[in-house]
Trainee: 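A single structure is presented below for examination.
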2 protein chains.
Amino acid sequence: MITPNAKEIFRGYIKAKGLRHTWQRDTIIDAFLSAAGHLTVEELFQIVTRIHPGIGYATVHRNLNLIRECGLADEIKIGNEKTRFEPTCGRTHHDHLICLKCKCFIEVNNNQIEQLQERLAEANDFLPLRHKLEIYGLCKNCR
Amino acid sequence: MITPNAKEIFRGYIKAKGLRHTWQRDTIIDAFLSAAGHLTVEELFQIVTRIHPGIGYATVHRNLNLIRECGLADEIKIGNEKTRFEPTCGRTHHDHLICLKCKCFIEVNNNQIEQLQERLAEANDFLPLRHKLEIYGLCKNCR
DNA sequence: GTTGTTATTGATATTCATTATCAGTATAAT
DNA sequence: ATTATACTGATAATGAATATCAATAACAAC
Ligand SMILES: [Mn+2]
Ligand SMILES: [Mn+2]
Ligand SMILES: [Zn+2]
Ligand SMILES: [Zn+2]
């Protein structure tokens with residue numbers, strides 16, 4: 001599910017930074033928001049190219065970074081693989097079960113774990129800002 | 001604390017794979033086991049160079065990978081930073097609180113979280129093999 | 001101890017994702 | 001319309017990780 005105002009958040013961010021509106025940005029944010037999550041720059045570039053051939057890889061990359069900067073995307077880095085991006089707007093925080101065989105992502109959330117993490121930080125005088133929990137293994141189809 | 005047989009595990013692994021003993025390997029495993037954890041290849045290379053100038057960066061890199069292969073080291077990958085290695089021998093599994101300012105690592109462990117992760121995987125028909133929990137924020141000195 | 005096989009080393013080159021550069025173009029304010 | 005400057009897209013640069021390769025060292029066999 002994508003919130004209807006995600007695009008407006010992006011356009012607002014662009015304007016607030018004194019940046020400019022371009023049809024490339026429009027194409028990229030649209031493609032990103034309507035695509036399935038966990039995409040690499042390369043994958044989004046392929047999608048965008050189908051809509052507007054000639055658009056540059058660097059442009060997709062730069063704008064994906066802007067989308068991340070304004071909080072509309074989270075980065076997922078697995079080992080040495082290409083960075084993946086997933087939309088955050090209209091979605092709640094979640095962690096991932098990542099299949100080592102088929103590379104699928106299963107999204108999970110557990111309030112108890114989240115709370116225990118808070119306590120763990122507190123017990124160490126640590127101010128938690130964000131966290132990453134990734135469980136690697138084999139999914140239902142691959143085990 | 002380093003278990004006294006970590007080096008023997010390494011030498012056994014080398015022999016079992018039909019590889020050869022060299023003074024470079026000896027120097028590298030010694031330096032790795034006696035150094036503080038969470039080191040990059042570069043950092044271990046600097047330490048090893050002080051003991052034996054002329055040793056190659058590639059040699060340190062290759063052997064650190066062998067040390068990881070035989071289970072004596074874990075990899076830590078944070079964002080785009082260089083991969084870090086930490087000794088595992090004689091140490092139990094732990095997760096990390098990572099300070100975004102001073103880059104320090106606080107090692108933590110919580111059995112409840114570990115168990116909840118198992119359950120989370122099970123509830124999704126997922127076979128968990130390993131996991132990574134990293135909490136990013138500000139440590140006691142930096143907050 | 002000598003020999004022969006082959007793993008290892010260290011210097012260097014390559015790979016690959018990501019980021020930077022830059023000239024030409026597009027945007028948007030005036 | 002003019003003007004300042006952000007943006008694009010092609011390409012170069014960067015940097016960590018890995019591969020290559022000739023010279024060397026390990027070590028098993030004799
Ligand atoms: Mn996700
Ligand atoms: Mn640690
Ligand atoms: Zn799978
Ligand atoms: Zn700190």
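We name chains A, B, ... by the order of the sequence lines, and we start the count at 1 in each one.
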Trainee: Do B:Ile98 and B:Val108 share a hydrophobic cluster (ILVMFWY, side-chain heavy atoms under 4.5 Å, transitive)?
Mentor: no
Trainee: By nearest atom, which of the nucleotides D:dG9, D:dA26, C:dT18 is closest to the A:Ile55 side chain?
Mentor: D:dG9
Trainee: Please determine whether the number of non-hydrogen atoms from other residues, nucleotides or ligands lying under 6.0 Å from atom CD of A:Glu114 exceeds 12.
Mentor: yes
Trainee: How long is the line joining CD1 of A:Ile76 and P of C:dT18, in whole Å?
Mentor: 13 Å
Trainee: Which nucleotide wins on minimum distance to the side chain of B:Arg62, given the candidates C:dT18, D:dA26, C:dA11?
Mentor: C:dA11
Trainee: Please state how far atom NE2 in A:His61 lies from atom P in D:dA13, giving the value in whole angstrom units.
Mentor: 18 Å
Trainee: Of the nucleotides C:dA7, D:dT18, C:dT19, which has the atom closest to the B:Leu19 side chain?
Mentor: C:dA7
Trainee: I need the OH-P distance between A:Tyr57 and C:dT18, as an integer number of Å.
Mentor: 6 Å
Trainee: Go nucleotide by nucleotide along DNA chain D from the 5' end; which of B:Thr83 and B:Thr22 gets its closest nucleotide reached first?
Mentor: B:Thr83
Trainee: Using whole Å, report how far CD1 of A:Ile14 lies from P of D:dT8.
Mentor: 9 Å
Trainee: Once you round it to whole Å, what is the distance between P of D:dA17 and NZ of A:Lys77?
Mentor: 12 Å
Trainee: Verify whether the ring centers belonging to B:His93 and B:His131 lie closer than 6.0 Å.
Mentor: yes
Trainee: Roughly, in whole Å, what's the span from CG in B:Leu66 to C1' in C:dA7?
Mentor: 12 Å
Trainee: Does C:dT18 have OP1 or OP2 under 4.0 Å away from a side-chain N or O of A:Asn65?
Mentor: no
Trainee: Measure from the side chain of B:Lys82, starting at C-beta and using heavy atoms only, and say which of C:dT9, D:dA10, D:dA16 lies closest.
Mentor: D:dA16
Trainee: Could you please name the option among C:dT18, D:dA10, C:dT12 that lies closest to any side-chain atom of B:Ala58?
Mentor: C:dT12
Trainee: To the nearest angstrom, how far is A:His21 atom NE2 from D:dT8 atom C1'?
Mentor: 15 Å
Trainee: Please pick, from D:dT8, D:dA4, D:dA17, the nucleotide with the shortest atom-to-atom distance to any side-chain atom of A:Arg20.
Mentor: D:dA4
Trainee: Any side-chain N or O of A:Gln24 under 4.0 Å from OP1/OP2 of C:dA26?
Mentor: no
Trainee: Could you pick out which residue, B:Gly56 or A:Trp23, lies toward the 5' side of DNA chain C when each is mapped onto its nearest nucleotide?
Mentor: B:Gly56
Trainee: Can you name the one residue among A:Glu43, A:Glu42, A:Arg50 that meets side chain to side chain donor-acceptor pair (under 3.5 Å) with A:Gln46?
Mentor: A:Glu42
Trainee: Which part of the nucleic acid, if any, lies within reach of B:Thr59 when heavy atoms closer than 4.0 Å are counted: base, sugar-phosphate only, or nothing?
Mentor: base
Trainee: Do the side chains of B:Ile67 and B:Ile28 get nearer than 4.5 Å, heavy atoms only?
Mentor: yes
Trainee: Look at the side-chain N and O atoms of B:Asn63 and state whether any lies under 4.0 Å from the OP1 or OP2 oxygen of C:dT9.
Mentor: yes
Trainee: More 5' along DNA chain D: B:Lys15 or B:Arg84, using each one's nearest nucleotide?
Mentor: B:Arg84
Trainee: Specify the separation, in whole Å, of atom CG of A:Asp26 and atom P of C:dT27.
Mentor: 11 Å
Trainee: State whether the side chain of A:Asn110 and the backbone N or O of A:Ile113 hold a donor-acceptor pair below 3.5 Å, judged by distance alone.
Mentor: yes
